[in-house]
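Values in this document were obtained by computation on a predicted structure and should not be read as measured data. Read the numbers this way: they start at 1 and go in the same order the structure lists the ligands and their atoms.
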Amino acid sequence: MSLTRKRILVTGGAGFLGSHLCERLLRDGHDVLCVDNYFTGRKDNILHLMEHPHFEVMRHDVTWPLYVEVDEIFNLACPASPVHYQFDPVQTTKTSVIGAINMLGLAKRVGAKIMQASTSEVYGDPTVHPQTEEYRGNVNPLGPRACYDEGKRCAETLFFDYYRQHKTAIKVARIFNTYGPRMHPNDGRVVSNFIVQALRGEDITLYGDGMQTRAFCYVDDLIEGFIRLMATGPEVTGPINIGNPHEIPVRELAERVIALTGARSKIVHRPLPQDDPLQRCPDISMARSVLGWEPKVDLETGLTRATAYFRQLLADSGQIADR
Ligand SMILES: NC(=O)c1ccc[n+]([C@@H]2O[C@H](COP(=O)([O-])OP(=O)(O)OC[C@H]3O[C@@H](n4cnc5c(N)ncnc54)[C@H](O)[C@@H]3O)[C@@H](O)[C@H]2O)c1
């Protein structure tokens, strides 16, 4: 419980990460305004917060200006999975770029601190491993992922221009693959995909040979990183990597999900999508030294919690038998 109650705006607050962040900020004793256009977010994610006296929700698209009095802004609004951000790529770029302009404008007007949910996708298909914040990335600006990658890169540029030009108090977090309860079940992200396929007893689709690696961060760890970053003084702007450096081949993830769910699913291979990075792993030295942060939840524990969530979700919608 914090000693001073702050008014905090969370854009994208009805999404996967946003809903966990709203929950944590309320638990810490703040007033939370959740803004979302429900493109990929769901009311179900925040239903349990609706009766909270310090929680407020507004349906709003961040590509339009917003005038509210707040002390801090967490800018998370943006579809995060390729199936969703490629559905309407022009809107994705608008959300990142115009959304950043609108939220930075608001921060400047009311003197609020603002944190951007940036992404490891700014590194593209990296030629440096693991990725440090100094690495400038290897992004294809013309490919199908560019609406997201370049939109997020431009948002970072805007954050640093507001910092230099207007002295806005900015924080940029580069988020690496994060998973946990309330991920969208059909968003095609690897963890939710595997768990949902396994629970339904379907074959597990592995893109490529499955030897491409990923590092997965559990949502509670990530949110702790956000809170610590926002609490830093004006000298800390980031960008700062927040993710779990424990790297595993995607094939191993599939095998662990099959073992954990007790599924009889087979692994089937599909071609790798265009520009899919082969390796992705954060160097979190900066988060360790500046924020005193590192992930605490191991993959087994996190996958168990995520599986319990998806099992309930699929049972409630009659897609699998309850157990
Ligand atoms: N989950 C991850 O692994 C990950 C990794 C890197 C970066 N991020 C970033 O973190 C943020 C949250 O990601 P998430 O995983 O919770 O995804 P999500 O899709 O669950 O959440 C995004 C939220 O933003 C909302 N939104 C989208 N466009 C909007 C608009 N124009 N106006 C208002 N709201 C809008 C959606 O409805 C949704 O509630 C995103 O900015 C994403 O780019 C996430």
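Judged as a salt bridge (Lys or Arg N to Asp or Glu O under 4.0 Å), not a single pair has a partner in residues 34-59 (not counting sequence neighbours). Sorted by first and then second residue, the ring pair (Phe, Tyr, Trp, His ring centres under 6.0 Å) pairs with a member in residues 215-238 read Tyr179-Tyr218; sequence neighbours excluded.
By the criterion of side-chain heavy atoms lying less than 4.5 angstrom apart, applied directly or through intervening Ile, Leu, Val, Met, Phe, Trp or Tyr residues, Ile114 is not grouped with Leu21; the two fall into different hydrophobic clusters.
Protein residues lining ligand 1, listed by chain and number: Gly12, Ala14, Gly15, Phe16, Leu17, Asp36, Asn37, Tyr38, Phe39, Thr40, Gly41, His60, Asp61, Val62, Leu76, Ala77, Cys78, Pro79, Ala80, Gln91, Thr95, Ala117, Ser118, Thr119, Tyr148, Lys152, Ile175, Asn177, Thr178, Arg189 [non-hydrogen atoms, distance under 4.0 Å].
In the model, Thr11 has a side-chain atom that pairs as donor or acceptor with a side-chain atom of Asn75 under 3.5 Å. Using modelled atom types and a 3.5 Å distance limit, the side chains of His84 and Asp187 yield no donor-acceptor pair.
Take Arg280 and apply the side chain to side chain donor-acceptor pair (under 3.5 Å) test, not counting sequence neighbours, and it matches Ser120, Glu121.
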